[in-house]
Amino acid sequence: MRFKSLKGVQDIFPPEVFIWQHIENIAREVFQKYGYHEIRLPVIEVTDIFSRSIGETSDIVEKEMYTFEDKGGRSVTLRPEGTAPFVRAFVQHHLHNGPSPQKYYYLGPMFRYERPQAYRNRQFYQIGIEAMGSENPQLDAEAVSMLWTILKRTGLKDARLEITSIGCRLCRPEYKTALQKSIKGKLKDFCEDCRRRYKANPLRILDCKVSSCIKARKGAPAILDYLCVECGGHFNGLKHNLDLLNVSYVLNPNIVRGLDYYTRTAFEVTSESLGSQKAVAAGGRYDMLVKEFGGPQTPGIGFAIGMERLIPLIKDSVEEAQGPDLFFCPLGREASEKSFVLAEQLRAEGSWVEMNYDSSSLRSQMRKADRVNARTVIVLGEDELKKGKAVIKDMQNKKETAVALKVKDILEIIKKPS
RNA sequence: GUGAGUGUAGCUCAGUUGGCAGAGCAUCUGACUGUGGCUCAGAGGGUCGCGGGUUCAAUCCCCGUCACUCACCCCA
């Protein structure tokens, strides 16, 4: 083989692609009802956009970015996530001048240079939203509810919604110190990674899956007890609003964000059947990011659904692909040309029509019609041409109906559902 | 970046204690001169991942390498 696709990227064909369309169609439909509009952004940006917002010491920036130099000597990066480029666009085009909140959605590929494994690719796809300009927890709850609606409607079952608040720039540092204090004495009970995290990012210790760490961190202070008055009120508001919308959730104070820009609300939808990569979708609030990017103080909240995570969970609930309404089996050159023209005219009337191109036995033509799942078939030979009439066969019940070789007459028969 | 496993037909996989490369599925053709799904027959399709070594002989044994898969880290 001469050429192969790169590691961690994939080609998507039918019937797989129908599942993608199924999800995208549902998402678009739901977004529209909530007033979210599509935006299309570049997949490549100046590197600083990511390193400044996601955090210099985050894993994404430290080792997972697709970064290279372009011909002008600039450091550019394929986007590893959608929020930072969105905020760049939001600030650049002064979108805050529109009525608040501004609601947008996007779908497309993201890139992270990681070792691929189950449900994790280097080029992966997300459907995401961003709502800007209000810190009202109603907006948070609405976004979560919308996410839940989309996931349910695509066919997802057995998923779990987890929420927490990770505080703001005022209360989080305080909590961080308290956490470090409580762990300090028994640091030797933790794994090597956690001992490193202790200094660099102590919050991550809460997320460690090593059993000795889970044990050792028991009794550690919880972020929810350290929220400042404003953050606590906001979190209560979120819970209250979720209750109003009958969205059920579980509290998980150990949700940790890999990205530095998050504040307050953080949530995740997880599924145990995914194994170790169990997050299907995740999101949160980022109230300081716009300002950091040089715009006016504008709060925001967003989430992203991982397509490759969702697809395996709903695969079985998507119905099979349809076949053409009509398939022509011509016998001979003249019949072939007649079919060729009729097919084109029927398509113009809105029907899905196909024909057999290369001459072959009727038997093999019928076989092909069956294989492509055709609903009806017309056999066209010398006899039929002479009479201007043919037989149209319903492939389900094998019934044959006489029909004149005219667009109107054929349409009448294939239009009605079998 | 770390660890483990696997590379044989389009797909799923057998196989040879080292001796002409196999099955099922899929594809195409035929079994009625013009009617599909089931059945039967036939055909096409291979650098046995790649490179080296041992051997009269390597798909098989040894070394290297690449790719894929899974897990860790982390994440959607």
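Order of the sequence lines fixes the chain letters, A, B, ..., with proteins taken first and strands second; residue numbering starts at 1 for each chain.
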Checklist entry - Taking atom P in both U59(B) and G1(B), what distance in whole Å separates the two? => result 32 Å

Sequence neighbours excluded and cut-off under 3.5 Å, please list the side-chain donor-acceptor pairs for residues 151-162 of chain A, or say none.
from      : atom 1 : to        : atom 2 : distance (Å)
Arg153(A) : NH2    : Glu29(A)  : OE2    : 2.8
Thr154(A) : OG1    : Leu151(A) : O      : 2.7
Arg160(A) : NE     : Glu162(A) : OE2    : 2.9
Arg160(A) : NH2    : Glu162(A) : OE2    : 3.4
Glu162(A) : OE1    : Asn252(A) : ND2    : 2.8

Item to check | Distance, C1' atom - from C72(B) to A14(B), rounded to whole angstrom | outcome: 33 Å

Checklist outcome for this item: RNA chain B nearest-nucleotide lookup for Leu6(A) and Ala282(A): closer to the 5′ end is Leu6(A)

Checklist entry - In whole angstrom, what separates Gln365(A)'s CD from C32(B)'s P? => result 18 Å

Next on the checklist: Between Tyr125(A) and Gln123(A), does the side-chain hydrogen bond (donor to acceptor under 3.5 Å, both in side chains) criterion hold? Intermediate values first, please.
Outcome noted: CA-CA 7 Å; Tyr125(A) 290 79; Gln123(A) 175 172 343; 2.8 Å; yes

Next on the checklist: Say we look at U8(B) and G45(B): how far apart would their C1' atoms be, to the nearest angstrom?
Outcome noted: 14 Å

Checklist entry - Contact class for Asp358(A) (heavy atom, under 4.0 Å): base, sugar-phosphate, or nothing? => result nothing

Checklist entry - For Phe124(A) and A76(B), do the ring centres fall under 5.5 Å apart while the planes stay under 30° apart? => result yes

Item to check | Phosphate OP1/OP2 of A76(B) contacted by Gln126(A) side-chain N/O (<4.0 Å) | outcome: no

Checklist entry - Are Arg40(A) and Glu38(A) close enough for a salt bridge, meaning some N to O gap below 4.0 Å? => result yes

Next on the checklist: Using heavy-atom distances to pick each residue's nearest nucleotide on RNA chain B, tell me which of Gly8(A) and Met307(A) is more 5'.
Outcome noted: Gly8(A)

Checklist entry - Side-chain donor-acceptor pair under 3.5 Å between Glu130(A) and Tyr286(A), yes or no? => result yes

All N/O pairs under 3.5 Å across the protein-nucleotides 65-67 of chain B interface:
from   : atom 1 : to      : atom 2 : distance (Å)
A67(B) : O2'    : Lys4(A) : NZ     : 3.0

Next on the checklist: I'd like to know if Arg285(A) pairs up with Asp140(A) as an ion pair, taking the criterion as any Lys NZ or Arg NE/NH1/NH2 lying under 4.0 Å from an Asp or Glu carboxylate oxygen.
Outcome noted: yes

Item to check | cation_pi(Arg264(A), Phe235(A)) dist<6.0 Å, angle<=45 | outcome: no

Item to check | Same-atom distance (C1') from U17(B) to C13(B), integer angstrom | outcome: 22 Å

Checklist outcome for this item: Once base and sugar-phosphate atoms are separated, protein heavy atoms under 4.0 Å mark nucleotides 33-41 of chain B, 5' to 3', with B, S and - as -BBBB----

Checklist outcome for this item: Sorted by chain and residue number, the side-chain hydrogen bond (donor to acceptor under 3.5 Å, both in side chains) partners of Arg115(A) (sequence neighbours excluded) come out as none

Item to check | Strand RNA chain B in bracket notation, Watson-Crick/G-U under 3.5 Å with | for pairs to another chain | outcome: (((((((..((((.....[..)))).(((((.......))))).....(((((..]....))))))))))))....

Next on the checklist: Can you check the distance between A58(B) and C20(B), where both ends of the measurement are the P atom (answer in whole Å)?
Outcome noted: 12 Å

Checklist entry - P atom, G18(B) versus A57(B): distance in rounded Å? => result 15 Å

Next on the checklist: What's Glu114(A) touching, base or sugar-phosphate or nothing? Going by heavy atoms closer than 4.0 Å.
Outcome noted: base

Look for any protein N or O under 3.5 Å of an N or O in nucleotides 6-13 of chain B and output each such pair with its distance, or none.
none

Checklist entry - Backbone N or O of Pro109(A) within a donor-acceptor pair of the Arg79(A) side chain at under 3.5 Å? => result yes

Item to check | Lys315(A) and Glu16(A) ion-paired at < 4.0 Å | outcome: yes

Checklist entry - When you compare C40(B) with A23(B), how far apart are their P atoms, in angstrom units rounded to a whole number? => result 16 Å

Next on the checklist: We want to know whether Tyr105(A) and Arg28(A) form a side-chain donor-acceptor pair, criterion being a heavy-atom distance below 3.5 angstrom.
Outcome noted: yes

Checklist entry - Ala281(A) near the nucleic acid: base, sugar-phosphate alone, or nothing, with a heavy-atom cut-off under 4.0 Å? => result sugar-phosphate

Checklist entry - Do the side-chain N and O atoms of Tyr66(A) and Glu64(A) include a donor-acceptor pair separated by under 3.5 angstrom? => result no

Next on the checklist: I'd like the C1' distance from G7(B) over to G51(B), given in whole Å.
Outcome noted: 15 Å

Item to check | Asp59(A) and Lys63(A) ion-paired at < 4.0 Å | outcome: yes

Checklist entry - Do we see a donor-acceptor contact under 3.5 Å between the side chains of Thr77(A) and Thr67(A)? => result yes

Checklist entry - Does a distance-only test, which skips hydrogens and angles, find a donor-acceptor pair under 3.5 Å between the side chain of Arg115(A) and the base of C70(B)? => result no

Checklist outcome for this item: Glu81(A) atom CD is separated from C75(B) atom P, nearest whole Å, by 12 Å

Next on the checklist: Run Ser51(A) and Thr47(A) through side-chain hydrogen bond (donor to acceptor under 3.5 Å, both in side chains) and show every step you take.
Outcome noted: CA-CA 6 Å; Ser51(A) 47; Thr47(A) 300; over 6 Å; no

Item to check | Electrostatic pair Glu45(A):Arg74(A) at N-O distance under 4.0 angstrom | outcome: no

